[in-house]
Amino acid sequence: MSNRRPDSMERITTPALAGSFIDEQVAAIREQVGDGRVLLALSGGVDSSVTAALLIRAIGKNLVCVHVNHGLLRKGEPEQVIKVFREELGANLVYVDAVDRFLDKLAGVADPEKKRKIIGKEFIDVFAEEAKKLDGIRFLAQGTIYPDILESGPVKSHHNVGGLPEELNFELVEPVKFLYKDEVRVVGKALGLPDSMVYRQPFPGPGLGVRCVGAITRDRLEAVRESDAILREEFAKAGLEGKVWQYFTIVPDFKSTGITDGLRTYDWPVVIRAVNTVDAVTAEVAEIDFGLMAHIVERITHEVKGVNRVLWDLTPKPSGTIEWE
Ligand code: XMP
């Protein structure tokens with residue numbers, strides 16, 4: 001099949017256009033796979049979620065979604081995937097708790113690229129193991145979108161590692177491969193996915209693993225996850241969700257002294273990064289109200305275990321990348 005978006009294809013900007021796209025794709029998927037079963041790695045990101053919802057509409061339980069929890073997801077994410085896909089959409093969902101497996105492999109590894117490679121390889125291994133358990137599946141669905149094909153998406157092509165082993169010889173099903181991100185969101189909305197999934201900020205494949213700087217430890221990882229949850233909650237309350245392009249916390253691998261209830265502490269800092277960008281190639285720091293910043297600092301230092309200080313990263317890209325690793 002051609003990898004070029006047909007010139008005649010209209011941009012999907014309205015629920016009605018999304019509706020026709022969904023009808024067309026449902027028919028095309030049924031035509032392609034018949035009564036065969038289809039496998040999909042469901043991360044909970046926009047692209048894989050919309051792909052899953054389309055396939056569920058087309059073939060129901062003949063889609064098998066595999067959600068791998070590698071321990072580097074944000075707070076509440078695995079629960080949301082299970083709630084939306086298994087409970088609300090009735091999906092055939094295999095949930096794999098691979099947390100210990102990933103964290104054991106990552107223990108003591110400080111080099112960012114080695115961390116990425118381990119996470120990428122382990123992910124493929126876990127997924128391939130699940131695929132082998134499910135005998136007789138010929139099709140693999142993927143949430144490839146048009147920028148991935150054009151390779152103007154520096155993100156996935158540049159960062160994500162590897163592919164599936166060749167013995168898993170699948171025929172690909174890629175229903176959103178000619179869509180741009182904004183179109184994927186319109187389709188996701190029309191398919192009834194929740195806003196928190198459809199308008200989700202970008203989240204790297206290696207997840208919180210690249211925000212727990214250096215060798216990942218479980219306690220520092222928890223500090224990243226908890227502080228990230230507070231930041232997201234406060235940005236949402238302030239109406240900044242969907243307005244600031246990407247915002248998250250980082251926990252570096254050093255400590256500083258502080259004071260809590262009259263006692264000296266020696267704990268980690270949390271770094272906050274909030275940026276705006278068009279294409280992630282360059283980025284500017286988002287201007288945040290000082291009162292909101294102070295409130296977030298207060299909450300993080302009081303609520304997150306092992307943290308006594310908060311730093312706000314005011315570095316544009318360049319010179320800093322968006323992520324710290
Ligand atoms: P940087 O840090 O290179 O990030 O300025 C640009 C965008 O890419 C995301 N990013 C990743 N995405 N796997 C991904 O899927 C990765 O390894 C990865 N590293 C960075 C980052 O979150 C930002 O949106």
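We count ligands from 1, going down the list as the structure has it; atoms in each ligand are counted the same way.
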Q: Tell me the contacting part of Phe248 for ligand 1: side chain, backbone, both, or neither, using a 4.0 Å heavy-atom threshold, strictly below.
A: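 Neither part.
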Q: Rounded to the nearest 0.5 Å, what separation is found between the CD1 atom of Ile230 and the OG1 atom of Thr301?
A: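 Here the rounded value is 9.0 Å.
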Q: Do Val210 and Val224 share a hydrophobic cluster, counting only Ile, Leu, Val, Met, Phe, Trp and Tyr and linking them when any side-chain heavy atoms are less than 4.5 Å apart?
A: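 In one cluster with Val210: Val224, no.
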Q: Please report whether ligand 1 has a polar contact with Gln246, defined as an N or O pair separated by less than 3.5 Å (distance criterion only).
A: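 In this structure, Gln246 places an N or O atom under 3.5 Å from an N or O of ligand 1.
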Q: Is Gly205 close to ligand 1, meaning an N/O of one under 3.5 Å from an N/O of the other?
A: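 Gly205 vs ligand 1: N/O contact under 3.5 Å present.
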Q: So is there a nitrogen or oxygen of Glu325 less than 3.5 Å from a nitrogen or oxygen in ligand 1?
A: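 No.
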Q: Going by side chain to side chain contact (heavy atoms under 4.5 Å, CB included), Arg37 matches just one of Ile137, Leu63, Ile59. Which one?
A: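 Between Arg37 and the candidates, side chain to side chain contact (heavy atoms under 4.5 Å, CB included) is satisfied uniquely by Ile137.
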Q: Taking 4.0 angstrom as the limit and counting only heavy atoms of Lys317, give me the atoms of ligand 1 inside it, by number and element.
A: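 Near Lys317, meaning under 4.0 Å from one of its heavy atoms, ligand 1 has 1 (P), 3 (O), 5 (O), 6 (C).
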Q: Geometry only, no angles: is Arg211 polar-contacting ligand 1 at N/O separations under 3.5 Å?
A: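 It does not: no N or O of Arg211 is found under 3.5 Å from an N or O of ligand 1.
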Q: Considering only heavy atoms of Pro206, which atoms of ligand 1 have at least one such atom less than 4.0 Å away?
A: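 The atoms of ligand 1 under 4.0 Å from a heavy atom of Pro206 are 13 (N), 16 (C), 17 (O).
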Q: Can you tell me how far OG of Ser43 sits from CZ of Phe123, rounded to the nearest 0.5 angstrom?
A: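 Here the interatomic distance stands at 7.5 Å.
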Q: State whether the shortest distance between N or O atoms of Ile322 and N or O atoms of ligand 1 falls below 3.5 angstrom.
A: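 Checking ligand 1 against Ile322, an N or O pair does fall under 3.5 Å apart.
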Q: Which heavy atom in Leu42 sits nearest to a heavy atom in Cys65, and how many Å separate them?
A: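 For Leu42 versus Cys65, the nearest heavy atoms are CD2-CB, 4.0 Å.
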Q: Need the ligand 1 atom indices (1-based, order shown) with element for anything under 4.0 Å from a heavy-atom of Trp245.
A: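 Taking each heavy atom of Trp245 in turn, ligand 1 has 24 (O) under 4.0 Å.
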Q: Which residue in the set Thr144, Thr51, Asn3 passes side-chain hydrogen bond (donor to acceptor under 3.5 Å, both in side chains) when paired with Lys177?
A: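 Only one option passes, and that is Asn3.
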Q: What's the spacing between Leu72 CG and Leu103 CG if we round to 0.5 Å?
A: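 Rounded to the nearest 0.5 Å, the CG-CG separation comes out at 6.0 Å.
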